[in-house]
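Convention: sequence-line order gives letters A, B, ...; per-chain numbering from 1.
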Amino acid sequence: MSAHDHTDHSHAHGGAAHGSFRGYLIGFILSVILTAIPFWLVMSGAIDNKQATAIVIMAFAVVQIVVHMVFFLHMNTASEGGWSMLALIFTLILVVIVLTGSLWVMYHLNANMMPGLHDMREMP
Amino acid sequence: MASTATMAGTEPVFHLEEEHAHAEGSSTMLGFWLYLMSDCLIFAMLFAAYGVLGGNYAAGPAPKDLFDLDLVAVNTTMLLLSSITYGFAMLTMDKGRVAATQAWLAVTGLFGLAFLSIELYEFAHMIHEGATPQRSAFLSSFFTLVGTHGLHVTFGIVWMVTLMTQVARFGLTEANRRRLMCLSMFWHFLDVVWIGVFTFVYLMGMLR
(Lines give C-alpha, C1' and ligand atoms only; values in the text may rest on other atoms or scores of the structure.)
Protein backbone atom coordinates (compact mmCIF):
# COMPACT_ATOMS: atom_id res chain seq x y z
CA MET A 1 0.00 0.00 0.00
CA SER A 2 2.79 2.41 0.90
CA ALA A 3 4.66 1.69 -2.33
CA HIS A 4 1.40 2.29 -4.14
CA ASP A 5 0.91 5.66 -2.47
CA HIS A 6 4.43 6.58 -3.40
CA THR A 7 3.77 6.10 -7.13
CA ASP A 8 0.64 8.24 -6.75
CA HIS A 9 2.63 11.09 -5.32
CA SER A 10 5.31 10.95 -7.95
CA HIS A 11 2.63 11.71 -10.53
CA ALA A 12 0.62 14.03 -8.35
CA HIS A 13 2.73 17.10 -8.94
CA GLY A 14 2.38 16.76 -12.71
CA GLY A 15 -1.40 17.00 -12.66
CA ALA A 16 -4.34 15.85 -10.61
CA ALA A 17 -3.81 13.16 -8.01
CA HIS A 18 -5.16 9.77 -9.01
CA GLY A 19 -6.36 8.40 -5.71
CA SER A 20 -5.96 4.85 -4.52
CA PHE A 21 -7.83 1.59 -4.80
CA ARG A 22 -9.14 2.09 -1.28
CA GLY A 23 -10.32 5.60 -2.11
CA TYR A 24 -12.24 4.48 -5.19
CA LEU A 25 -13.79 1.59 -3.28
CA ILE A 26 -14.91 3.82 -0.39
CA GLY A 27 -16.35 6.32 -2.86
CA PHE A 28 -18.17 3.57 -4.75
CA ILE A 29 -19.68 1.97 -1.63
CA LEU A 30 -20.76 5.37 -0.28
CA SER A 31 -22.39 6.37 -3.57
CA VAL A 32 -24.21 3.02 -3.85
CA ILE A 33 -25.66 3.59 -0.38
CA LEU A 34 -26.45 7.24 -1.10
CA THR A 35 -28.21 6.23 -4.36
CA ALA A 36 -30.11 3.24 -2.97
CA ILE A 37 -31.69 5.10 -0.03
CA PRO A 38 -33.38 7.89 -2.08
CA PHE A 39 -34.68 5.34 -4.62
CA TRP A 40 -36.03 3.19 -1.79
CA LEU A 41 -37.63 6.23 -0.10
CA VAL A 42 -39.50 7.21 -3.27
CA MET A 43 -40.39 3.70 -4.45
CA SER A 44 -41.72 2.51 -1.08
CA GLY A 45 -43.14 5.84 0.07
CA ALA A 46 -41.56 5.30 3.47
CA ILE A 47 -42.10 8.94 4.45
CA ASP A 48 -45.77 9.94 4.17
CA ASN A 49 -45.07 13.62 3.60
CA LYS A 50 -43.99 14.24 -0.01
CA GLN A 51 -42.30 17.53 0.75
CA ALA A 52 -40.25 15.93 3.53
CA THR A 53 -39.24 13.11 1.13
CA ALA A 54 -38.17 15.70 -1.45
CA ILE A 55 -35.99 17.53 1.07
CA VAL A 56 -34.42 14.26 2.29
CA ILE A 57 -33.55 13.02 -1.24
CA MET A 58 -32.11 16.45 -2.13
CA ALA A 59 -29.90 16.25 0.95
CA PHE A 60 -28.74 12.78 -0.17
CA ALA A 61 -27.96 14.16 -3.65
CA VAL A 62 -25.83 16.97 -2.19
CA VAL A 63 -23.89 14.52 0.00
CA GLN A 64 -23.38 12.16 -2.95
CA ILE A 65 -22.09 15.00 -5.16
CA VAL A 66 -19.55 15.85 -2.46
CA VAL A 67 -18.54 12.16 -2.23
CA HIS A 68 -17.99 12.03 -6.01
CA MET A 69 -16.01 15.26 -5.96
CA VAL A 70 -13.69 14.01 -3.22
CA PHE A 71 -13.24 10.32 -4.08
CA PHE A 72 -13.61 10.27 -7.89
CA LEU A 73 -12.64 13.77 -9.05
CA HIS A 74 -10.02 14.09 -6.25
CA MET A 75 -11.00 17.64 -5.43
CA ASN A 76 -9.10 19.26 -2.61
CA THR A 77 -7.92 22.72 -1.74
CA ALA A 78 -4.36 21.93 -2.80
CA SER A 79 -4.87 20.65 -6.38
CA GLU A 80 -3.55 23.03 -9.05
CA GLY A 81 -2.43 25.39 -6.31
CA GLY A 82 -6.02 25.99 -5.21
CA TRP A 83 -7.16 27.32 -8.59
CA SER A 84 -9.52 24.42 -9.33
CA MET A 85 -11.19 24.90 -5.95
CA LEU A 86 -11.55 28.61 -6.69
CA ALA A 87 -13.12 27.86 -10.10
CA LEU A 88 -15.44 25.35 -8.44
CA ILE A 89 -16.59 27.80 -5.76
CA PHE A 90 -17.17 30.51 -8.39
CA THR A 91 -19.19 28.07 -10.51
CA LEU A 92 -21.23 26.91 -7.53
CA ILE A 93 -22.12 30.51 -6.67
CA LEU A 94 -23.28 31.08 -10.26
CA VAL A 95 -25.26 27.82 -10.23
CA VAL A 96 -27.00 28.77 -6.99
CA ILE A 97 -27.87 32.23 -8.35
CA VAL A 98 -29.17 30.77 -11.64
CA LEU A 99 -31.26 28.04 -10.02
CA THR A 100 -32.76 29.91 -7.08
CA GLY A 101 -33.16 33.09 -9.11
CA SER A 102 -34.96 31.40 -12.00
CA LEU A 103 -37.24 29.32 -9.79
CA TRP A 104 -38.05 32.22 -7.49
CA VAL A 105 -38.76 34.76 -10.24
CA MET A 106 -40.74 32.37 -12.42
CA TYR A 107 -42.76 31.03 -9.49
CA HIS A 108 -43.90 34.52 -8.53
CA LEU A 109 -44.48 35.44 -12.15
CA ASN A 110 -46.72 32.40 -12.50
CA ALA A 111 -48.52 33.09 -9.25
CA ASN A 112 -49.21 36.69 -10.26
CA MET A 113 -50.23 35.86 -13.81
CA MET A 114 -52.86 33.25 -12.97
CA PRO A 115 -55.62 35.55 -11.62
CA GLY A 116 -54.94 37.95 -14.49
CA LEU A 117 -55.57 35.21 -17.02
CA HIS A 118 -58.71 34.24 -15.20
CA ASP A 119 -60.03 37.80 -15.21
CA MET A 120 -59.33 38.17 -18.91
CA ARG A 121 -61.53 35.21 -19.64
CA GLU A 122 -64.43 36.69 -17.67
CA MET A 123 -64.20 39.95 -19.54
CA PRO A 124 -66.79 40.51 -22.20
CA MET B 1 13.95 60.76 -36.25
CA ALA B 2 16.90 59.63 -34.15
CA SER B 3 15.27 60.85 -30.95
CA THR B 4 12.07 58.88 -31.59
CA ALA B 5 14.13 55.77 -32.24
CA THR B 6 15.88 56.08 -28.88
CA MET B 7 12.53 56.82 -27.27
CA ALA B 8 11.17 53.58 -28.69
CA GLY B 9 14.28 51.76 -27.54
CA THR B 10 14.00 52.90 -23.93
CA GLU B 11 10.26 52.47 -23.70
CA PRO B 12 9.41 50.95 -20.34
CA VAL B 13 8.28 47.33 -20.35
CA PHE B 14 5.51 46.28 -18.03
CA HIS B 15 5.46 42.55 -18.66
CA LEU B 16 7.88 39.67 -18.14
CA GLU B 17 10.26 39.74 -21.06
CA GLU B 18 10.85 36.02 -20.99
CA GLU B 19 8.21 33.38 -20.42
CA HIS B 20 9.26 31.21 -17.52
CA ALA B 21 9.35 27.56 -18.38
CA HIS B 22 6.16 25.52 -18.43
CA ALA B 23 6.39 21.78 -18.87
CA GLU B 24 4.26 20.64 -21.78
CA GLY B 25 0.73 19.93 -20.64
CA SER B 26 1.34 21.24 -17.12
CA SER B 27 -1.72 23.48 -17.34
CA THR B 28 -3.94 21.02 -19.21
CA MET B 29 -5.67 19.66 -16.13
CA LEU B 30 -6.64 23.10 -14.84
CA GLY B 31 -7.80 24.14 -18.31
CA PHE B 32 -9.90 21.03 -18.62
CA TRP B 33 -11.36 21.63 -15.16
CA LEU B 34 -12.38 25.15 -16.29
CA TYR B 35 -14.08 23.59 -19.33
CA LEU B 36 -15.96 21.22 -17.03
CA MET B 37 -17.08 24.15 -14.91
CA SER B 38 -18.46 25.89 -18.02
CA ASP B 39 -20.23 22.65 -18.91
CA CYS B 40 -21.61 22.66 -15.38
CA LEU B 41 -23.13 26.08 -16.11
CA ILE B 42 -24.81 24.71 -19.25
CA PHE B 43 -26.40 21.98 -17.16
CA ALA B 44 -27.39 24.54 -14.51
CA MET B 45 -29.32 26.48 -17.18
CA LEU B 46 -31.02 23.30 -18.38
CA PHE B 47 -31.90 22.34 -14.79
CA ALA B 48 -33.31 25.83 -14.23
CA ALA B 49 -35.40 25.52 -17.41
CA TYR B 50 -36.67 22.13 -16.28
CA GLY B 51 -37.39 23.47 -12.79
CA VAL B 52 -39.49 26.29 -14.25
CA LEU B 53 -41.25 24.34 -17.03
CA GLY B 54 -41.35 20.87 -15.45
CA GLY B 55 -44.90 21.31 -14.15
CA ASN B 56 -46.45 22.50 -17.42
CA TYR B 57 -47.97 19.29 -18.80
CA ALA B 58 -50.37 21.02 -21.24
CA ALA B 59 -52.96 18.36 -20.31
CA GLY B 60 -50.45 15.77 -21.51
CA PRO B 61 -48.72 12.94 -19.63
CA ALA B 62 -47.09 13.71 -16.25
CA PRO B 63 -43.87 12.16 -14.85
CA LYS B 64 -45.93 9.54 -12.99
CA ASP B 65 -47.43 8.26 -16.26
CA LEU B 66 -44.09 8.07 -18.04
CA PHE B 67 -41.19 7.28 -15.73
CA ASP B 68 -40.23 3.75 -14.78
CA LEU B 69 -38.08 3.99 -11.66
CA ASP B 70 -36.82 0.39 -11.94
CA LEU B 71 -35.33 1.26 -15.33
CA VAL B 72 -33.79 4.47 -13.93
CA ALA B 73 -32.30 2.51 -11.04
CA VAL B 74 -30.66 0.04 -13.47
CA ASN B 75 -29.41 3.00 -15.53
CA THR B 76 -27.92 4.68 -12.47
CA THR B 77 -26.19 1.42 -11.52
CA MET B 78 -24.62 1.22 -15.00
CA LEU B 79 -23.19 4.72 -14.68
CA LEU B 80 -21.94 4.14 -11.13
CA LEU B 81 -20.23 0.90 -12.15
CA SER B 82 -18.63 2.64 -15.14
CA SER B 83 -17.28 5.27 -12.76
CA ILE B 84 -15.44 2.78 -10.57
CA THR B 85 -14.15 0.75 -13.54
CA TYR B 86 -12.69 3.98 -14.97
CA GLY B 87 -11.07 4.50 -11.59
CA PHE B 88 -9.50 1.03 -11.90
CA ALA B 89 -8.28 1.96 -15.39
CA MET B 90 -6.52 4.98 -13.89
CA LEU B 91 -4.92 2.84 -11.16
CA THR B 92 -3.61 0.28 -13.65
CA MET B 93 -2.40 3.17 -15.84
CA ASP B 94 -0.36 4.42 -12.87
CA LYS B 95 1.35 1.03 -12.72
CA GLY B 96 2.01 1.18 -16.47
CA ARG B 97 0.06 -1.99 -17.28
CA VAL B 98 -1.16 -1.38 -20.82
CA ALA B 99 -3.31 -4.48 -21.31
CA ALA B 100 -5.12 -4.09 -17.97
CA THR B 101 -5.73 -0.40 -18.64
CA GLN B 102 -7.22 -1.22 -22.03
CA ALA B 103 -9.41 -3.93 -20.50
CA TRP B 104 -10.80 -1.61 -17.80
CA LEU B 105 -11.40 1.11 -20.42
CA ALA B 106 -13.30 -1.41 -22.54
CA VAL B 107 -15.42 -2.45 -19.55
CA THR B 108 -16.13 1.23 -18.80
CA GLY B 109 -17.14 1.81 -22.42
CA LEU B 110 -19.49 -1.17 -22.32
CA PHE B 111 -21.19 0.12 -19.14
CA GLY B 112 -21.51 3.49 -20.89
CA LEU B 113 -23.08 1.80 -23.91
CA ALA B 114 -25.49 -0.08 -21.65
CA PHE B 115 -26.49 3.22 -20.05
CA LEU B 116 -27.08 4.80 -23.46
CA SER B 117 -29.07 1.82 -24.75
CA ILE B 118 -31.39 1.88 -21.74
CA GLU B 119 -31.85 5.63 -22.08
CA LEU B 120 -32.61 5.36 -25.80
CA TYR B 121 -35.06 2.53 -25.08
CA GLU B 122 -36.77 4.77 -22.53
CA PHE B 123 -36.93 7.68 -25.00
CA ALA B 124 -38.28 5.44 -27.77
CA HIS B 125 -40.90 4.05 -25.41
CA MET B 126 -42.01 7.55 -24.40
CA ILE B 127 -42.14 8.81 -27.98
CA HIS B 128 -44.10 5.70 -28.98
CA GLU B 129 -46.68 6.62 -26.32
CA GLY B 130 -47.01 10.10 -27.84
CA ALA B 131 -44.84 11.80 -25.21
CA THR B 132 -42.67 13.59 -27.77
CA PRO B 133 -40.63 16.74 -27.05
CA GLN B 134 -43.34 18.75 -28.85
CA ARG B 135 -46.11 17.51 -26.55
CA SER B 136 -45.63 19.92 -23.61
CA ALA B 137 -43.14 22.32 -22.02
CA PHE B 138 -42.41 19.61 -19.44
CA LEU B 139 -41.43 17.12 -22.14
CA SER B 140 -39.43 19.71 -24.13
CA SER B 141 -37.31 20.59 -21.10
CA PHE B 142 -37.07 16.92 -20.04
CA PHE B 143 -35.74 15.77 -23.42
CA THR B 144 -33.35 18.73 -23.63
CA LEU B 145 -31.86 18.13 -20.19
CA VAL B 146 -31.64 14.33 -20.25
CA GLY B 147 -30.74 14.33 -23.96
CA THR B 148 -27.84 16.74 -23.41
CA HIS B 149 -26.48 14.44 -20.71
CA GLY B 150 -26.89 11.44 -23.02
CA LEU B 151 -25.07 13.33 -25.77
CA HIS B 152 -22.18 13.96 -23.37
CA VAL B 153 -22.02 10.24 -22.55
CA THR B 154 -22.03 9.45 -26.30
CA PHE B 155 -19.07 11.76 -26.90
CA GLY B 156 -17.36 10.31 -23.83
CA ILE B 157 -17.60 6.84 -25.40
CA VAL B 158 -16.29 8.13 -28.76
CA TRP B 159 -13.39 9.75 -26.88
CA MET B 160 -12.75 6.50 -24.98
CA VAL B 161 -12.53 4.46 -28.19
CA THR B 162 -10.18 7.10 -29.64
CA LEU B 163 -7.89 6.92 -26.62
CA MET B 164 -7.93 3.11 -26.61
CA THR B 165 -6.73 3.23 -30.20
CA GLN B 166 -4.05 5.78 -29.21
CA VAL B 167 -2.86 3.63 -26.31
CA ALA B 168 -2.83 0.53 -28.53
CA ARG B 169 -0.63 2.30 -31.08
CA PHE B 170 1.66 4.42 -28.91
CA GLY B 171 1.39 2.90 -25.42
CA LEU B 172 0.98 4.79 -22.16
CA THR B 173 3.05 7.81 -23.17
CA GLU B 174 3.04 11.01 -21.12
CA ALA B 175 0.58 12.62 -23.58
CA ASN B 176 -1.76 9.62 -23.51
CA ARG B 177 -1.73 9.55 -19.72
CA ARG B 178 -2.71 13.21 -19.70
CA ARG B 179 -5.55 12.55 -22.15
CA LEU B 180 -6.79 9.62 -20.10
CA MET B 181 -6.77 11.83 -17.00
CA CYS B 182 -8.87 14.44 -18.81
CA LEU B 183 -11.37 11.79 -19.89
CA SER B 184 -11.42 10.53 -16.31
CA MET B 185 -12.49 13.96 -15.08
CA PHE B 186 -15.08 14.20 -17.89
CA TRP B 187 -16.52 10.78 -17.11
CA HIS B 188 -16.78 11.33 -13.35
CA PHE B 189 -18.26 14.76 -13.99
CA LEU B 190 -21.04 13.18 -16.08
CA ASP B 191 -21.78 10.91 -13.15
CA VAL B 192 -22.11 13.97 -10.90
CA VAL B 193 -24.57 15.54 -13.36
CA TRP B 194 -26.53 12.28 -13.43
CA ILE B 195 -26.97 12.48 -9.63
CA GLY B 196 -28.78 15.78 -10.24
CA VAL B 197 -30.84 14.27 -13.07
CA PHE B 198 -32.09 11.21 -11.22
CA THR B 199 -32.83 13.23 -8.08
CA PHE B 200 -34.51 16.30 -9.55
CA VAL B 201 -36.09 14.85 -12.69
CA TYR B 202 -36.95 11.24 -11.92
CA LEU B 203 -37.33 10.89 -8.15
CA MET B 204 -38.90 14.31 -7.56
CA GLY B 205 -41.03 13.86 -10.68
CA MET B 206 -42.54 10.75 -9.13
CA LEU B 207 -43.30 12.70 -5.94
CA ARG B 208 -45.29 15.38 -7.76
Side-chain angles (χ1 to χ4, degrees), chain A residues 4 7-8 10-11 14-16 18-21 23-25 27-28 31-32 34-36 38-39 41-43 50-51 53-54 57-58 60-62 64-65 68-69 71-75 79-81 83-84 87-88 90-92 94-103 105-107 109-110, chain B residues 23 25-30 32-34 36-38 40-41 43-45 47-49 51-53 55-56 69-70 72-73 76-77 80-81 83-84 86-88 90-91 93-96 174 177-178 181-182 184-185 187-189 191-193 195-196 198-200 202-208:
Chain A
H4 189 95
T7 50
D8 282 349
S10 63
H11 282 296
H18 295 191
S20 61
F21 178 76
Y24 278 112
L25 208 61
F28 180 72
S31 42
V32 166
L34 291 168
T35 306
F39 269 93
L41 279 178
V42 172
M43 282 162 132
K50 283 186 174 182
Q51 202 152 20
T53 315
I57 61 172
M58 271 204 280
F60 271 103
V62 170
Q64 197 182 348
I65 286 173
H68 275 245
M69 284 282 173
F71 289 99
F72 291 158
L73 282 164
H74 311 305
M75 264 315 278
S79 62
E80 303 292 344
W83 286 106
S84 34
L88 178 66
F90 175 64
T91 310
L92 285 182
L94 285 187
V95 167
V96 167
I97 291 172
V98 165
L99 285 179
T100 56
S102 304
L103 292 176
V105 167
M106 294 309 285
Y107 173 78
L109 210 57
N110 254 342
Chain B
S26 64
S27 53
T28 305
M29 301 318 287
L30 179 59
F32 196 77
W33 181 254
L34 293 182
L36 285 184
M37 291 298 100
S38 69
C40 185
L41 291 180
F43 279 109
M45 306 297 158
F47 272 112
V52 169
L53 300 171
N56 302 355
L69 274 193
D70 292 328
V72 181
T76 308
T77 313
L80 261 182
L81 283 171
S83 244
I84 191 165
Y86 203 107
F88 292 156
M90 295 305 285
L91 293 177
M93 182 193 87
D94 272 350
K95 290 176 188 154
E174 198 54 49
R177 282 168 191 266
R178 198 165 61 232
M181 271 153 64
C182 283
S184 162
M185 285 160 80
W187 199 257
H188 292 310
F189 169 76
D191 214 3
V192 171
V193 174
I195 299 169
F198 81 69
T199 305
F200 287 102
Y202 289 101
L203 292 181
M204 287 178 64
M206 294 304 272
L207 287 175
R208 259 211 279 263

Colleague: Need one label for B:F43: side chain, backbone, both or neither, based on atoms under 4.5 Å from any heavy atom in chain A.
Modeller: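 When you check distances to chain A, no heavy atom of B:F43 falls under 4.5 Å.
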
Colleague: Could you state the interatomic distance from NE2 (A:H74) to CE (B:M90), rounded to the nearest 0.5 Å?
Modeller: 7.0 Å

Colleague: Please flag which part of B:Y202 lies under 4.5 Å from any non-hydrogen atom of chain A: side chain, backbone, both or neither.
Modeller: neither

Colleague: Find the distance between CZ (B:F200) and CD1 (A:I57) and round it off to the nearest 0.5 Å.
Modeller: 8.5 Å

Colleague: Between A:Q51, A:Q64, A:M106, which has the largest tally of heavy atom pairs under 4.5 Å with chain B?
Modeller: A:Q64

Colleague: Looking at every non-hydrogen atom in both residues, tell me the closest pair between A:S31 and B:L80 and how far apart they are.
Modeller: OG-CD2, 3.5 Å

Colleague: Counting only non-hydrogen atoms closer than 4.5 Å, does B:L69 touch chain A with its backbone (N, CA, C, O), its side chain (CB onward), both, or neither?
Modeller: both

Colleague: Closest approach of A:V95 and B:A44, non-hydrogen atoms and distance?
Modeller: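 Residues A:V95 and B:A44, closest heavy atoms: CG2-CB, 3.8 Å.
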
Colleague: What are the two closest non-hydrogen atoms of A:A61 and B:I195, and how far apart are they?
Modeller: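 For A:A61 and B:I195, the tightest heavy-atom pair comes out as O-CG2, 3.9 Å.
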
Colleague: Distance check, rounded to the nearest 0.5 Å: A:T91 atom OG1 versus B:L34 atom CG?
Modeller: 8.0 Å

Colleague: Report which part of A:L88 has an atom under 4.5 Å of a heavy atom belonging to chain B: side chain, backbone, both, or neither.
Modeller: both

Colleague: Using non-hydrogen atoms and a 4.5 Å limit, figure out which bit of B:S83 sits close to chain A: side chain, backbone, both or neither.
Modeller: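 Interface part for B:S83: side chain.
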
Colleague: Checking B:V72 against chain A: side chain, backbone, both or neither under 4.5 Å from a heavy atom?
Modeller: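 B:V72 touches chain A through backbone and side-chain heavy atoms alike.
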
Colleague: Let's test your reading of the structure: which of B:W187, B:Y86, B:F198 forms the most heavy-atom pairs below 4.5 Å with chain A?
Modeller: B:F198

Colleague: Side chain, backbone, both or neither: which part of A:V32 has a heavy atom under 4.5 Å from chain B?
Modeller: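 Looking at A:V32, backbone and side chain both touch chain B.
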
Colleague: Evaluate B:I84 against A:L25 for side-chain contact (heavy atoms from CB on, under 4.5 Å), listing each step before the verdict.
Modeller: CA-CA 8 Å; B:I84 191 165; A:L25 208 61; 4.1 Å; yes

Colleague: At what distance, to the nearest 0.5 angstrom, does OG of A:S102 lie from CE of B:M45?
Modeller: 7.5 Å

Colleague: Testing the basics here: between A:M69 and B:W33, what is the closest heavy-atom pair and its distance to 0.1 Å?
Modeller: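 So the two residues come closest at SD-CH2, 4.1 Å.
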
Colleague: Which of the residues B:D191, B:T199, B:L203 is involved in the greatest number of heavy-atom pairs with chain A at under 4.5 angstrom?
Modeller: B:L203

Colleague: Rounded to the nearest 0.5 Å, what separation is found between the CG atom of A:L103 and the CZ atom of B:F47?
Modeller: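 So the gap between those two atoms works out to 12.0 Å.
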
Colleague: Atom CE in B:M204, atom NZ in A:K50: separation rounded to 0.5 Å?
Modeller: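 These two atoms lie 12.0 Å from each other.
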
